[in-house]
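Take a look at the structure set out below.
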Protein chains: 2
Amino acid sequence: MPKQVDHKARRRQIAEAVTALISEGGLEAATLREIAARAGVSMGAVQRCFSTKEEMMVFVHEHLGELATAQIEGRIAASGAGDDPVAILTETVRGITPLTAEDLPWTRAWLVFAAQAATDPRLAAVQREANRGLFRLLSVLVRAGVDAGGLRAGLDPETTARDLLALTDGLGVQVLVGVHTVATARESVERALAALRP
Amino acid sequence: MPKQVDHKARRRQIAEAVTALISEGGLEAATLREIAARAGVSMGAVQRCFSTKEEMMVFVHEHLGELATAQIEGRIAASGAGDDPVAILTETVRGITPLTAEDLPWTRAWLVFAAQAATDPRLAAVQREANRGLFRLLSVLVRAGVDAGGLRAGLDPETTARDLLALTDGLGVQVLVGVHTVATARESVERALAALRP
DNA sequence: CTTTTTTCGATGCGCTTGTATCGGATCATA
DNA sequence: TATGATCCGATACAAGCGCATCGAAAAAAG
C-alpha cells in the first residue's frame, strides 16, 4: 500500500481556506492557486480532493452549514439549556446572528454564498435544504415552547420561525452594510426573543 | 458637429442589461461581451460609456438605488398618502420588500450587490450611503409618526428604523432562498407595520 | 459636395482562470 | 530490500476575460 493521506481532514482544511479567502475578497479571490497557497498545499493536492471547482464549492457550502450547526450546539451545551425548548431556541437564534466582531468573517462568507445560491441552481439546493432544516427546527422549538408555557400562547410556530430567520438574516446584511452594529444586532435579537415570551 | 448619442440613456440601457444578466446568472454572467449583446450595442459602445468595468458596476449599483427610490415614490404618489408620515412610512417599507413575483429579479440583483459590497471597499461606500439614507428617512418618518400620534408612543425612531430595514432585507434573502414566499413576506411586513401602530 | 470630428464594430493582446498531464518522490508490503 | 501502487508538485494548455487599437461609417458645418 502506498502513501495515505486523510482526505476528510484535507477537505476541511481547504474549505476553511476558501471561506477565509471569500470573506476577505469575495468569490473572485478564491482561485485554485490562492486556495492552494492559503491551505498550505499544492494545486495538485486540491485537485485530488475535488475533481472540479463546483464540487468544491458545494462542499464548502455544506461545511459552512456544519460549522453553524456546531456553533449552535456549542452554545446550547455551554448554556446548560438542558431540554428547555425556550433556552434551546434562544441559543439557536443567537448562534446564527452576528453578535461579536469575530462573527463577521463567516457572516460575509454566508452572504456571498446566499447571493451565489440565488443565481446558481446547484448551490440553491444546498442552501434551500439548510434553511428549511433550520426553519423546521425553529418551528418545533416554538411549538414546544408554547406548549410548555415558556412562550406566548397563540404564537404560530411556522410564522414565528420564518420571521426569526428573516430577522437574523437581515441583521447579518445590515451589520455588514454598516447600518446595524454587532451591538445593536445583539439588542435587536434579544428584543425579538423577549417579545415571544408571555 | 458629428454624430451625437444620448450617453445618459445609453448608460441606463446598459445598466438594465447588467441588472438582468446578474439576476439570471450572477456576477460571472455579466461579461462585457454578454452585456453588449443584451443591451443591443457593440462592445466598443459599452467601452465608450464606461472607461472601466468597475466604474460601470458602481453606476449600475447607483442606478439600482435610483430605481428603488422611484418605486417608493411611485407607491407614495399612487396611494395618495399626502403628507401623512405613517402612510409614507408604510409605502416606503413596502417598496423595498419583495411583494410579488415581479420583484424577484431586482431582489436577486440587490442580494448579489450586497454580497459584492461586503468584500469590495468601493461598492461598500455606495451601498453604505444608500442604506444610511434609507435609515435616516425611516427614522424621520417614525419620529414624525410618533409625534403625530399615528405610531405607538415610546417608539425609538432609530431602533425602529434599523429593525425595519433588517426585516425587509431578511425577507428578501428568505424569499430567494425559498423559506418565505412573496405571500408570507407580504403578511410579515404588514404585521410588523401593524405592530408599530398604537 | 467636401471636410472634419465623433462614433461604430471588429480584431488583437496580455493575462488569468480551471483543468489535464507527467516524471519523480513516498511508503506499506512481500 | 525490492516492489509497485499512490500521492505530490510543477508545468502545459485551451478558453475566456477586460482592455487597447484601428479603419470605416456617419453626420453636422463649410
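Letters go in sequence order (proteins before strands), and every chain restarts at 1.
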>> Expressed as a whole number of angstroms, how long is the span from B/Glu28:CD to D/dG16:P?
In response: 13 Å
> If you check every side-chain atom of A/Arg33, which of C/dC8, C/dG12, C/dT17 has the closest atom?
Replying inline: C/dT17
> Out of D/dC17, C/dG18, C/dC8, which nucleotide sits closest to the side chain of B/Ala45?
Replying inline: C/dC8
>> Quick one, B/Asp169 with B/Trp110, criterion side-chain contact (heavy atoms from CB on, under 4.5 Å). Give me CA distance, side-chain angles, the key distance, then yes/no.
In response: CA-CA 10 Å; B/Asp169 281 2; B/Trp110 159 81; 3.4 Å; yes
> In terms of side-chain heavy atoms of A/Gln47, which of C/dA20, D/dC17, C/dT17 is nearest?
Replying inline: C/dA20
> Is any NZ, NE, NH1 or NH2 atom of the basic residue among A/Arg94 and A/Glu91 found under 4.0 Å from an Asp or Glu carboxylate oxygen of the other?
Replying inline: yes
> Does C/dT19 have OP1 or OP2 sitting under 4.0 Å from an N or O in the side chain of A/Thr52?
Replying inline: yes
> Please give, in whole Å, the distance from D/dT21 C1' to B/Met43 CE?
Replying inline: 12 Å
> How close or far is atom C1' of C/dT19 from atom CE of A/Met57, stated in whole angstroms?
Replying inline: 15 Å
> In whole angstrom, what separates A/Phe50's CZ from C/dA20's P?
Replying inline: 16 Å
> Of B/Gly40 and A/Ser51, whose closest DNA chain C nucleotide lies nearer the 5' terminus?
Replying inline: B/Gly40
> Roughly, in whole Å, what's the span from CZ in B/Arg11 to P in C/dT7?
Replying inline: 13 Å
> Checking salt bridge (charged side-chain N to carboxylate O under 4.0 Å, His left out) for the pair B/Arg136/B/Glu129: CA distance, chi angles, key distance, verdict?
Replying inline: CA-CA 10 Å; B/Arg136 277 189 286 265; B/Glu129 221 36 59; 3.5 Å; yes
>> Please determine whether a side-chain nitrogen or oxygen atom of B/Ser42 lies at a distance below 4.0 Å from atom OP1 or OP2 of C/dC8.
In response: no
>> Here's a test of your reading of the structure: between B/Arg48 and B/Glu54, which maps to the more 5' nucleotide of DNA chain D?
In response: B/Glu54
>> Using a strict threshold of under 4.0 Å (side-chain N to carboxylate O), is an ion pair present between B/Glu24 and B/Arg38?
In response: yes
> How long is the line joining CG of A/Leu32 and P of C/dG18, in whole Å?
Replying inline: 4 Å
>> How many whole angstroms separate atom NZ of A/Lys53 from atom P of C/dT17?
In response: 9 Å
> Is the distance from OP1 or OP2 of C/dC8 to the nearest side-chain N or O of B/Arg10 less than 4.0 Å?
Replying inline: yes
> Just how far, in rounded Å, is P of D/dG18 from CD of B/Glu55?
Replying inline: 15 Å
> Ion pair present between A/Arg122 and A/Glu62, side-chain N to carboxylate O less than 4.0 angstrom?
Replying inline: no
